[in-house]
Amino acid sequence: MSRLIVVSNRVAPTQPGRPAAGGLAIGVLDALQETGGVWFGWSGEITGEAASQTRSPVIERQGNVTYATVGLSRRDYDQYYRGFSNATLWPTFHYRNDLSRYDRQEYAGYLRVNAMLAKQLKTLLEPDDIIWVHDYHLLPFARCLRELGVKNPIGFFLHIPFPVPEVLRTVPPHEELVRAMCSYDVVGFQTEADCQSFVDYVERGSCHGSVDEAGVLYAWGQFLKVAAYPIGIYPDAIARVAQQFTARKPVRSLREGMHGRKLIMSVDRLDYSKGLVERFQAFERLLLGAPDWHGRVSLVQIAPPTRSDVQTYQRIRQNLEGEAGRINGRFAQLDWTPIQYLNRKYERNLLMALFRQAHVGYVTPLRDGMNLVAKEYVAAQNPEDPGVLVLSQFAGAAEQMPGALVVNPFDLSQMAEALERALSMPLAERQARYTDMMARLRENNLSVWRDTFLGDLRRVARASAVARNVVRRVDATAYGRQGSALGSRY
Ligand code: GDG
């Protein structure tokens, strides 16, 4: 059996008591712990420039997972991570061109770190390893490995949205990036819409690429499989811990502190893509339009800090704190605070139990690849008396959760109406919606995501080995272009 090598920018902290708050970390760790394998990436540490010249991966084994990590120099961190990854790709891929900046040196740093990481990984590889690369920090990673002569199957999964071509083209090296992505054997997206955006770019671009019905794409002399693989969760495991942890003190305190009021809950990393300000304002609109809810409902927003060294995030934090203060100042009573804003991290099991207390899960990102919180909220509910999910149409999860009240997060009035409807929804309707969504969560759980992706990767790798041999034998004039490119790749 071949080893699975997972590559992501950041390898999740392995120390007990340091929970990983991020969808990629949660999804990958759960998936890898089941199959066993290697997780390679940045340790999260900044090393001196001299150390960074001689770095080699630090290996640590825990259970059936081997963690192989490297440090980054300050220059690498600034250019590759803070710069091109998080100040160019992240905003643009979330349709926030207004927040995006482009700097050639940062892009050069992005390519340099991808090449450095590829070199480090190569020292650990065995011939029948399967390599699964994750997320926007590593778009050119397969090309770097191929340039080093690596022939293993390499797949890529994008956790965030893939923008439509017009938006993507605002990133100056867009073509180089998409071309590099075509060095993977399989490229996976969260939704059909994201996958279609990629195909549209390739079909309309200068390479005149094409895709067939099976999702096999041909572009720049490369064949690869492209498809949507929506990431899932383990709903029954979440249901179990949510129930078990309900008796814990923080959960009891929350319940008792509500004094029988209804609870709306949101949990997001503090990030402008999550639409936190708009969400507060829609809640304010509910209070304005429906005074009978005053004193009878509270919104609890949990927002663990994230990338807080980037200026934009500091701005959103200030903005959000300002909005919470303003709305509370306007409506609060001596014994009622409308919005409780908690800028801190909670232990995962506790978080699931907190979800179970909430009458409404309020998940309204302006753009989101999938959004695991939406899925976790539903899974954590009490089947006898489930809460209602209010979900943004711009979260990938909306494609799969028709039982939610789906809203446009730019329409504050519509969000306020959805909140009111959710707060007043009869039990039978809540149960019907919950049952439908739970069935879908079970059908498309995290193992299905992993196994479907890796199954495709293994199949495509086998097929391209066969195709390679065929292409080498046919007339070079008929297949000249792809023949030479496939030859150079392998
Ligand atoms: C990216 C994409 C995609 C949150 N607060 C705490 C905590 N969390 C956990 C949640 C959830 C995860 O973090 C967040 O996942 P999301 O999917 O909501 O969002 P991103 O972090 O932006 O993830 C996203 C995902 O990758 C997976 O592909 O869905 O679209 O942006 O699991 O529960 N966990 C703990 N304490 C907290 O305070 N322990």
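No hydrogens, no waters, no symmetry mates; every other heavy atom, side chains included, goes into these values. Counting convention: from 1, in listed order, for ligands and their atoms alike.
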Using a strict 4.0 Å cut-off to heavy atoms of [X], name the atoms of ligand 1 that fall inside it.
X: E376; result: 10 (C), 11 (C), 32 (O), 33 (O)
X: R348; result: 32 (O), 33 (O), 39 (N)
X: V373; result: 10 (C), 18 (O)
X: R269; result: 20 (P), 21 (O), 22 (O)
X: V267; result: 4 (C), 5 (N)
X: P304; result: 5 (N), 6 (C), 38 (O)

N/O separation below 3.5 Å, [X] to ligand 1:
X: N371; result: yes
X: K345; result: no
X: F157; result: no
X: G369; result: yes
X: D368; result: yes

Under 3.5 Å, is there a donor-acceptor pair linking the side chains of [X] and [Y]?
X: D268; Y: Q301; answer: yes
X: R430; Y: Q381; answer: no
X: S447; Y: Y234; answer: yes

Ring center gap for Y229 and F189 short of 6.0 angstrom:
no
Row check, Y346 ring normal vs R344 NZ/CZ: under 6.0 Å, within 45°
yes
Using a 6.0 Å cut-off, check whether atom CD of E45 has over 12 heavy atoms from anything other than its own residue.
no
Residue from V363, L276, L299 passing side chain to side chain contact (heavy atoms under 4.5 Å, CB included) with S266:
L299
[Y]/[X] salt bridge by N-O under 4.0 Å criterion:
X: R348; Y: E376; answer: yes
X: R326; Y: E323; answer: yes
X: D436; Y: R440; answer: yes

Ignoring hydrogens, just give me the one of K274, R344, M370 whose non-hydrogen atom is nearest atom 19 (O) of ligand 1.
K274
Where the closest heavy atom to atom 39 (N) of ligand 1 is concerned, which of F355, Y377, F93, Y346 has it?
Y346
Short version for D268: what comes under 4.0 Å of ligand 1, heavy atoms counted, is neither
For ligand 1, is any non-hydrogen atom under 4.0 Å from L372's backbone (N, CA, C, O), its side chain (CB onward), both, or neither?
both
